[in-house]
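What follows is one structure encoded as structure tokens, with my remarks underneath.
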Amino acid sequence: MGGVSAMPPRLSVVAPCFNEAVALPEFVRRMAAACEAVAPGDHEILLVNDGSRDATWPCIKALALSRPGIVGLNLTRNHGHQLAVTAGLARARGERVLVIDADLQDPPELLGPLMAKMDEGPDVVYARRRSRASERPFKRATAWLYYRLLRRLTEVDIPSDTGDFRLMSRRIVERLNAMPEQDRFLRGMVAWLGGAQSELLYDREPRFAGQTGYTLAKMAGLAVAGVTSFSTLPLRLAGAMAIAGALGAVALAIYVIAAFLAGRAAPGWTSLALIVIFFSTVQLACLGILGAYVGRIFLQVKGRPLYLIDEVVSSETASDEAAARLEAVVGRR
């Protein structure tokens with residue numbers, strides 16, 4: 001595997017890792033073999049530890065120090081999958097960059113077909129899931145529904161049934177790195193960049209070990225980020241709900257006045273309670289939609305770094321440190 005040199009490698013692999021200590025040795029074995037098949041001696045594998053609570057970082061560190069071409073990045077805390085990928089992309093130097101999770105649900109052996117597809121001309125080749133047999137029916141159903149709603153809601157054509165498993169050209173990665181969003185939805189950002197993008201169908205495999213780091217709450221958060229990042233339709237929907245509520249209030253006022261003039265009794269407490277519940281629900285829904293967008297603005301204007309890296313480890317950095325220590329010893333003599 002290639003080390004750090006003046007010339008960028010042909011291929012970089014960015015793999016975010018969260019509690020993947022058991023799967024990492026097998027992932028690196030398979031990923032390194034796939035890289036050697038398409039870019040022998042001319043690639044790097046960046047393993048990004050996203051605040052894991054198990055032995056993931058010691059495992060990454062051992063792999064990076066013992067195998068040339070492996071680079072370990074240790075984030076200061078759990079920043080989340082999207083920012084872990086962002087940290088890796090910022091460090092990747094390759095002419096082409098593959099993003100893949102380390103849990104082995106996405107097969108490293110698909111690198112060859114992805115590279116061949118990119119040889120045909122596109123700047124992005126994304127892997128579209130043909131089947132998700134290892135996932136529960138609830139997750140498959142909600143994912144299917146979400147992607148189709150996302151395509152209807154957003155102004156950007158975001159491919160359905162795709163994650164962040166994709167191969168990108170250098171210029172796409174540089175443009176992606178230049179985008180300053182705090183709350184990132186990378187698959188949507190790549191789609192927004194446009195250009196020639198192609199797909200490759202594949203069957204998603206079961207996890208090699210452990211449990212997924214994407215809880216229901218995290219998936220819901222990513223879903224909200226996807227919609228609020230690329231669509232103002234919810235804001236327009238809130239406005240439409242406000243107009244509908246106002247029209248309903250006017251119609252109700254006319255009905256009450258007409259009933260009073262005709263000598264009929266006004267509706268009782270049940271009708272009043274239903275009216276209050278209806279308008280309160282509409283108002284809370286509008287406030288919730290506005291809050292989602294205001295929250296994104298609040299995070300963005302603070303201008304904090306997207307992530308913080310605590311340590312970067314590779315066999316090259318270890319050699320540099322050893323050389324520095326030797327030079328210091330020699331200098332004292």
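Excluded from the calculations below are hydrogen atoms, water molecules and symmetry mates; all remaining heavy atoms, backbone and side chain alike, are included.
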Could you work out, with salt bridge (charged side-chain N to carboxylate O under 4.0 Å, His left out) as the rule, every residue matching E174, not counting sequence neighbours?
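Testing E174 for salt bridge (charged side-chain N to carboxylate O under 4.0 Å, His left out), a comparison that skips the adjacent residues, returns R170.
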List the residues meeting salt bridge (charged side-chain N to carboxylate O under 4.0 Å, His left out) with R91, not counting sequence neighbours, and say none if there are none.
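Counting only residues at least two positions away or on another chain, R91 forms no salt bridge (charged side-chain N to carboxylate O under 4.0 Å, His left out).
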Salt bridge between [X] and [Y], side-chain N to carboxylate O under 4.0 Å?
| X | Y | answer |
| --- | --- | --- |
| K61 | E311 | yes |
| R10 | E95 | no |
| D203 | R130 | yes |

Hydrophobic cluster membership, with links at side-chain heavy-atom distances under 4.5 Å among I/L/V/M/F/W/Y: are [X] and [Y] in one?
| X | Y | result |
| --- | --- | --- |
| V125 | L201 | no |
| M179 | V99 | yes |
| Y307 | V312 | yes |

To the nearest 0.5 angstrom, please state how far the [atom1] atom of [X] sits from the [atom2] atom of [Y].
| X | Y | atom1 | atom2 | result |
| --- | --- | --- | --- | --- |
| L46 | S314 | CG | OG | 9.5 Å |
| L308 | N74 | CG | CG | 11.5 Å |
| L114 | E109 | CG | CD | 11.5 Å |
| D123 | S198 | CG | OG | 11.5 Å |
| L193 | R171 | CG | CZ | 10.5 Å |
| M118 | L167 | CE | CG | 4.0 Å |

Has the side chain of [X] got a donor or acceptor atom that lies under 3.5 Å from a matching backbone atom of [Y]?
| X | Y | answer |
| --- | --- | --- |
| S52 | N19 | yes |
| D50 | G80 | yes |
| R166 | G163 | yes |

Report the C-alpha distance between D101 and F27 in whole Å, list the side-chain angles of each, state the deciding distance to 0.1 Å, and finish with yes or no for side-chain contact (heavy atoms from CB on, under 4.5 Å).
CA-CA 9 Å; D101 290 343; F27 169 77; over 6 Å; no
For residues [X] and [Y], report the shortest heavy-atom separation together with the two atoms involved.
| X | Y | answer |
| --- | --- | --- |
| L24 | A102 | CD2-CB, 4.4 Å |
| Q82 | L186 | OE1-N, 2.8 Å |
| Q197 | A191 | NE2-CA, 4.0 Å |
| I100 | M31 | CG2-SD, 4.0 Å |
| L11 | C35 | CD2-SG, 3.9 Å |
| P68 | S66 | CD-O, 3.9 Å |

Pair R129, D106 - check salt bridge (Lys or Arg N to Asp or Glu O under 4.0 Å), show working.
CA-CA 9 Å; R129 298 159 185 163; D106 301 326; 5.0 Å; no
Quick one, P107 and R30 - any side-chain contact, counting heavy atoms below 4.5 Å?
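With C-beta onward as the side chain, the pair touches.
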Do L73 and N49 have side-chain heavy atoms sitting under 4.5 Å apart?
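The answer is no, as the side chains (C-beta and beyond) never meet within the 4.5 Å cut-off.
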Which residues satisfy the side-chain contact (heavy atoms from CB on, under 4.5 Å) test with A64, sequence neighbours excluded?
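If we apply the side-chain contact (heavy atoms from CB on, under 4.5 Å) test to A64, skipping adjacent residues, the hits are I70, V313.
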Let's go through T162 and E199 carefully: what are the C-alpha distance in whole Å and the side-chain angles of both, what is the deciding distance for side-chain contact (heavy atoms from CB on, under 4.5 Å) to 0.1 Å, and is it a yes or a no?
CA-CA 9 Å; T162 61; E199 70 172 33; over 6 Å; no
Could you verify whether a donor N or O on one side chain and an acceptor N or O on the other, from [X] and [Y], lie under 3.5 Å apart?
| X | Y | result |
| --- | --- | --- |
| E44 | S12 | yes |
| R184 | T86 | yes |
| Y126 | D164 | no |

Between T56 and C17, does the side-chain contact (heavy atoms from CB on, under 4.5 Å) criterion hold? Intermediate values first, please.
CA-CA 7 Å; T56 294; C17 308; 3.9 Å; yes
Please determine whether side-chain contact (heavy atoms from CB on, under 4.5 Å) holds for the pair L111 and L98, giving the CA-CA distance in whole Å, both sets of side-chain angles, and the decisive distance to 0.1 Å.
CA-CA 8 Å; L111 173 61; L98 175 74; 4.0 Å; yes
